[in-house]
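Let me begin by presenting the structure, written as structure tokens, before commenting on it.
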Amino acid sequence: MSDEIAEVLHSVAEQTFEQLAFLFPVPEDMAQVPADPESSGVRVRFSGPLEGELILSVSTASLPELVRSMLGLDDDDAVDAGLQHDALGELLNVVCGNLLPEIADSKAVFDLAAPELLEPGPPDQALAGRSPQGRARMSLDEGFVELILFYQPSA
Amino acid sequence: MPIDVLIVDDSAVMRAMIAKSLKMANLPLETIHQAGNGVEALEVLGRESVDLILVDINMPVMGGEELIENIRENTELAKLPIVVISTEASDTRIEQLEVRGVQFIHKPFTPEEIRDVVGKVTEIENE
């Protein structure tokens, strides 16, 4: 796992959460801060000069606030599960779209598949025994955000 | 003069965010139509008058590039201002879009970016 990739993940995630959700995630040391077992995750697969997947996992308790913030809703506005998952998928799309040129180059053309919702649970369950090339955890007011990146050069 | 806008994105959250940004940009808006993919967008264009299209690229059923091609080949719609709002960051792909006469806004965006690009393509003077 690369520290350089972790830094890029932090930077892209911070920019995305700030500009889309007006939230300010703070990078955390994964060795010191445990993951949230009550998390909701989405995965996007990508192909191009690199192929792989990026997973975004967010504390389930943070999701309603995240959506309200993205849409400028009041605290007592209801936000259904469909909207929460939509928001998660869109955040992941934006992070991935901005991440790939940083780890490949600006001329590279990538194709992103549609985001897939994962089973709720701790971020580690998305690893499925694999070692990611990059991983970053950040804290929000009400929970955590985690990004996990797997990639390899295309055959 | 107020404009009718069509927002095309498969994410309901993103469509709402773009609509919110359009309103925050103080643009003179008449109606905001929405569509979840290119096919739905063509249905809206077939029955409504639209002055501006804001479109994502990666969508199921019919994506943004195919929708743009359809619009540019339709004599009634060919001159419609189109702005692509996408995570697409490849210089190559962006150039391919711009030669079709579309403007490009990269996600994440600010209301100011929306205002500047929309103002430019619709020739609305910014206040």
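All heavy atoms count here, side chains included; hydrogens, waters and symmetry mates do not. By convention in this document, chain letters (A, B, ...) are assigned in the order of the sequence lines, proteins followed by strands, and residues within each chain are numbered from 1.
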If you measure from [atom1] on [X] to [atom2] on [Y], what distance do you get to the nearest 0.5 Å?
X      : Y      : atom1 : atom2 : answer
B:K107 : A:L20  : NZ    : CG    : 8.5 Å
A:L112 : B:I57  : CG    : CD1   : 12.5 Å
B:I94  : A:K107 : CD1   : NZ    : 9.5 Å
B:D9   : A:N93  : CG    : CG    : 9.0 Å
B:T92  : A:D105 : OG1   : CG    : 8.0 Å

Neighbour count above 12 (heavy atom, 6.0 Å) for [X] [atom1]:
X     : atom1 : result
A:D29 : CG    : yes
A:Q15 : CD    : yes
B:E48 : CD    : yes
A:D80 : CG    : yes

Fill in: For the student: nearest non-hydrogen atoms of B:V13 and A:A87, plus distance
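Shortest heavy-atom separation between B:V13 and A:A87 comes out as CG2-N, 3.9 Å.
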Practice prompt. Could you tell me which non-hydrogen atom of A:D86 sits nearest to which non-hydrogen atom of B:A12, and how far apart they are?
Written response: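 Taking A:D86 first and B:A12 second, the nearest heavy atoms are OD2-N, 2.8 Å.
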Practice prompt. Find the one option among A:A104, A:A113, A:G97, A:G82 whose heavy-atom pairs under 4.5 Å with chain B are most numerous.
Written response: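 It is A:G97.
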Is there a path of hydrophobic side-chain contacts, each under 4.5 Å between heavy atoms, that joins [X] and [Y]?
X      : Y     : result
B:V117 : B:I53 : no
A:F150 : A:F46 : no
B:I18  : B:L67 : no

Worksheet item: Where does B:K20 contact chain A at under 4.5 Å (heavy atoms): side chain, backbone, both or neither?
Response: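 Interface part for B:K20: side chain.
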